[in-house]
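Have a look at the structure below before the remarks.
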Amino acid sequence: MSELKCGTIPPVYRDLYELLTRSGSVGEDGSGKISKALWLVCLKTSGVSAGTLEEVWELCDPIHSGSVVRGMFYKSLALIGLVQSGKPLEGKVLDSFQGIPLPTPTLGSADEIKAILVRFYRDNAPRVVSYTYEQLRDLDDVTVLLMPEKIGI
């Protein structure tokens, strides 16, 4: 199955891709690709069964590379949106979306997905700092006391 070439990309697709790749240009490994593990933990929030998520992954990663690029990630979101609306899971149904917005899947809130990402990166990419300022502050608190300078002996 080829990359997504039809329909209008909803802004939420771009937002989610940028969130998962942290900058929109690099992935967790610096390639701009999203691994299957990261994809699964985030898209479990869709409420779609694990078997259906596996089928969507197979349609979007036909060469079994273990990761997807931007276009295939968008395709996976469209397929999940179709499944959630009760449509059959097949890539050809996306061809009917010429010039109209692709279906938007219902996923967890942005805060929920961010929390999932923090846990994922902590567990799987320890070189990536996935703490907020408040969390770092709670981990280690340094108190500096200033002493007045004594002049003379």
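When all heavy atoms are compared, the tightest approach of Thr106 to Gln84 is N-OE1, 2.6 Å. Contact between Leu20 and Leu38 at its shortest, heavy atoms only, is O-CD2, 3.7 Å. Nearest heavy-atom pair, Ile9 versus Arg14, reported as atom, atom and distance to 0.1 Å: O-NH1, 3.2 Å. Shown here for Gly81 and Pro103, the closest heavy-atom pair between the two residues is C-CB, 4.0 Å. Smallest separation of non-hydrogen atoms from Gly108 and Thr45: N-OG1, 3.2 Å.
Remark: Ser85 engages no residue in a side-chain hydrogen bond (donor to acceptor under 3.5 Å, both in side chains) (not counting sequence neighbours). Take Glu54 and apply the side-chain hydrogen bond (donor to acceptor under 3.5 Å, both in side chains) test, not counting sequence neighbours, and it matches Lys36. Residues satisfying the side-chain hydrogen bond (donor to acceptor under 3.5 Å, both in side chains) test with Ser65, not counting sequence neighbours, are Asp61.
Shown are Val48, Ile113, Val12; of these, the side-chain contact (heavy atoms from CB on, under 4.5 Å) with Leu107 is made only by Ile113.
With a 4.5 Å cut-off on side-chain heavy atoms, Leu53 and Ser46 count as touching. By the 4.5 Å heavy-atom criterion applied to side chains, Lys33 and Val68 are not counted as neighbours. For the pair Phe73 and Val69, the minimum side-chain heavy-atom distance is 4.5 Å or more. Taking 4.5 Å as the limit, every side-chain heavy atom of Ile34 sits out of range of all side-chain heavy atoms of Ser67.
Between Cys42 atom SG and Lys114 atom NZ the span is 12.5 Å, to the nearest 0.5 Å. The CD1 atom of Ile116 sits 10.0 Å away from the CG atom of Leu19 when rounded to the nearest 0.5 Å. For the atom pair Leu77 CG and Leu102 CG, the distance stands at 9.5 Å (nearest 0.5 Å). Here Ile80 contributes atom CD1 and Cys60 contributes atom SG; the two are 8.0 Å apart, rounded to the nearest 0.5 Å. With rounding to the nearest 0.5 angstrom, the NZ atom of Lys87 is 13.0 Å from the CG atom of Leu79. Summarising the geometry, atom CH2 belonging to Trp57 is positioned 9.5 Å from atom CE belonging to Met72; distances are rounded to the nearest 0.5 Å.
By the 30° and 60° cut-offs, the orientation of the rings of Tyr74 relative to Tyr13 is tilted.
Using modelled atom types, one finds a donor on one side chain and an acceptor on the other under 3.5 Å when comparing Trp39 with Ser76.
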